[in-house]
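Each chain gets a letter, A, B and so on, in the order the sequences are listed, and its residues count up from 1. Values below: every heavy atom of this structure, side chains too, minus hydrogens, waters and symmetry copies.
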2 protein chains.
Amino acid sequence: MLSRSIEDYIKTVYELQGENQRVFTKDIARSMGVKMPSVSGMVKHLAAEGYLSHKPYKGVLLTKRGQRIAVDLLRRHRLIELFLNKTLGIPWDEIHEDAEVLEHVISNKLIERIFNFLGRPKFDPHGHTIPGKDGNLPLSRGVPLDKVSEGETGRVVEVSDHDPEFLRYLTGMKLKIGSEVQVKERAPFGGPIILKVERQSLAIGLDAARRIRVDIKKKVGKRSN
Amino acid sequence: MLSRSIEDYIKTVYELQGENQRVFTKDIARSMGVKMPSVSGMVKHLAAEGYLSHKPYKGVLLTKRGQRIAVDLLRRHRLIELFLNKTLGIPWDEIHEDAEVLEHVISNKLIERIFNFLGRPKFDPHGHTIPGKDGNLPLSRGVPLDKVSEGETGRVVEVSDHDPEFLRYLTGMKLKIGSEVQVKERAPFGGPIILKVERQSLAIGLDAARRIRVDIKKKVGKRSN
DNA sequence: TCTTAAAGTTTGCCGAACCTAACTATTTAA
DNA sequence: TTAAATAGTTAGGTTCGGCAAACTTTAAGA
């Protein structure tokens, strides 16, 4: 049985490493709220156990074994979020912290019961894909909103879940999974993106737009490319 | 924040102390699966923190403060059991171990949400009363089945939840909360009790009978006492 | 190139919660 | 009443996960 702490380190590296970029001691320390020597020590341990590879002074990279643990945690996390949301009606900006704790302690048996109870779902309340029991993580749908060109219309399919403040901001603007949005205007020099949502006009910052993924609606009656 | 370990010690003392009898090092050690020196050490710590009083060589007793923590845990435990049973349909012989872990990590906010979701229930799936948020523990209903006289009829209202084997034994005999039972015969010298359940005759050992509480049905047309 | 700032590591320490071994108090029974 | 058995405690050690202080490596700029 892996300790809570070890699981958290692996998870943090997974989140920071993005598209397989090396992850540095300082970033792990900042993200976990511990000091660098603690990270150095744990990294050495995790490397010895084969969860990640470590080039001293050059950062770490998860091994297959480490990846698998991180993806399993992600499965747990997302199923727990969906479960809390569906049963207790806990809003999407409040489920993350509870799931953060529960993902480490809920038994596999319970997770599979939850999975079946929820009807073997594909997405969590933020629209994130739910990894399979086999460790397979389906690709995200859609594209980041900040990549969408003027005039295009799409449906919100996924939003970043780490910052509750951001989720409340979305809620305040009536943006949710499934909302239809049209990009009316993209201000230059990193300026806001002007959206049309439910006949309302709405300005949204670039940082926020990057955290929203939309499925572009194919224009009918016009061929693209 | 109390550690998992501290909460478990307090809970164990609570369970062992019954009607305010002193609890001994050996019993705590056996019940928790640790060695006696670990208990001595922790007891000293818990006494210093005011959770229990300790007379060396003479056992411990929870203080008001300790009692309160134990009862809060009991509330959490029972609400979690009921929640898992109601939502996921987990049978009564399997909910205990999950609840055992979850009671330590689920936030108060989540517990109160669960409480409301369940309709502010009074009993868990084993018929145990659920303590209030204020630390008030309602009395158990009914009387132990081994105290019921021959000829009397009652309804099962509560069963002990610690031994899954026992719960499966009850399930196998179609005994559940709400079952109507009549004591047909009580064998002498600690022999079995013969019950009538759903027109079936059924022999049940004294140890089992002690773990079942029934609400005696007042005989109509006859005055008692 | 050389110096300095930043990042990373090593060393040695701490507290929590466990352990074994050795010692002490209490209870029991000869 | 006293010896042995049982229960409890103390002393000292381990592992885990964290820390500060001191040192090393790498990167950046003069």
Applying the side chain to side chain contact (heavy atoms under 4.5 Å, CB included) test to B:Arg76, which of B:Ile130, B:Val105, B:Asn108, B:Leu102 qualifies?
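It is B:Asn108, the one option of B:Ile130, B:Val105, B:Asn108, B:Leu102 that forms the side chain to side chain contact (heavy atoms under 4.5 Å, CB included) with B:Arg76.
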Base-contact (B) and sugar-phosphate-only (S) positions in nucleotides 18-24 of chain C, heavy-atom cut-off under 4.0 Å, - elsewhere
SBBB--B
When you measure from the centre of the six-membered ring of A:Phe115, is the NZ or CZ of A:Arg120 closer than 6.0 Å and no more than 45° off the axis?
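Geometry flag: not set, cation outside 6.0 Å or 45°.
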Can B:Arg141 and B:Asp215 be counted as an ion pair, charged N to O under 4.0 angstrom?
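B:Asp215 and B:Arg141: not salt-bridged.
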Is it true that A:Glu49 and A:Lys44 make a salt bridge, defined as a side-chain N closer than 4.0 Å to a carboxylate O?
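Result for this pair is no, no salt bridge flagged.
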Does [X] reach the main-chain N or O of [Y] with its side chain, forming a donor-acceptor pair under 3.5 Å?
X	Y	answer
B:Thr63	B:Tyr51	yes
A:Asn85	A:Gly89	no
A:Asn116	A:Glu112	yes

Closest-nucleotide 5' rank along DNA chain D - winner of B:Lys58 and A:Ile6:
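The residue closer to the strand's 5' end, by nearest nucleotide, is B:Lys58.
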To the nearest Å, give me how far apart NE2 (A:His54) and C1' (C:dA7) are.
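From A:His54 NE2 to C:dA7 C1': 11 Å.
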What is the distance from CZ of B:Phe24 to P of C:dA25, rounded to the nearest Å?
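That distance rounds to 18 Å.
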Within less than 4.0 Å of OP1 or OP2 of C:dT9, is there a side-chain N or O belonging to A:Thr25?
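True: A:Thr25 side-chain N/O within range (under 4.0 Å) of C:dT9 OP1/OP2.
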Reading DNA chain D 5' to 3', which nucleotide is the first, and which the last, to come under 4.0 Å of any heavy atom in chain B?
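Under 4.0 Å from chain B, the extent on DNA chain D is D:dA7 to D:dT10.
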Heavy-atom contacts under 4.0 Å between residues 44-52 of chain A and DNA chain D, which residues?
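When residues 44-52 of chain A is checked for heavy atoms under 4.0 Å from DNA chain D, there are no hits whatsoever.
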Under the salt bridge (charged side-chain N to carboxylate O under 4.0 Å, His left out) rule, what do B:Asp8 and B:Arg4 come out as? Steps first, then yes or no, please.
CA-CA 6 Å; B:Asp8 272 335; B:Arg4 159 91 201 248; 3.0 Å; yes
Working for side-chain hydrogen bond (donor to acceptor under 3.5 Å, both in side chains), residues A:His77 and A:His96
CA-CA 8 Å; A:His77 184 94; A:His96 187 72; 3.1 Å; yes
To the nearest 0.5 Å, tell me how far A:Ser160 OG sits from A:His126 NE2.
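It comes to 8.5 Å.
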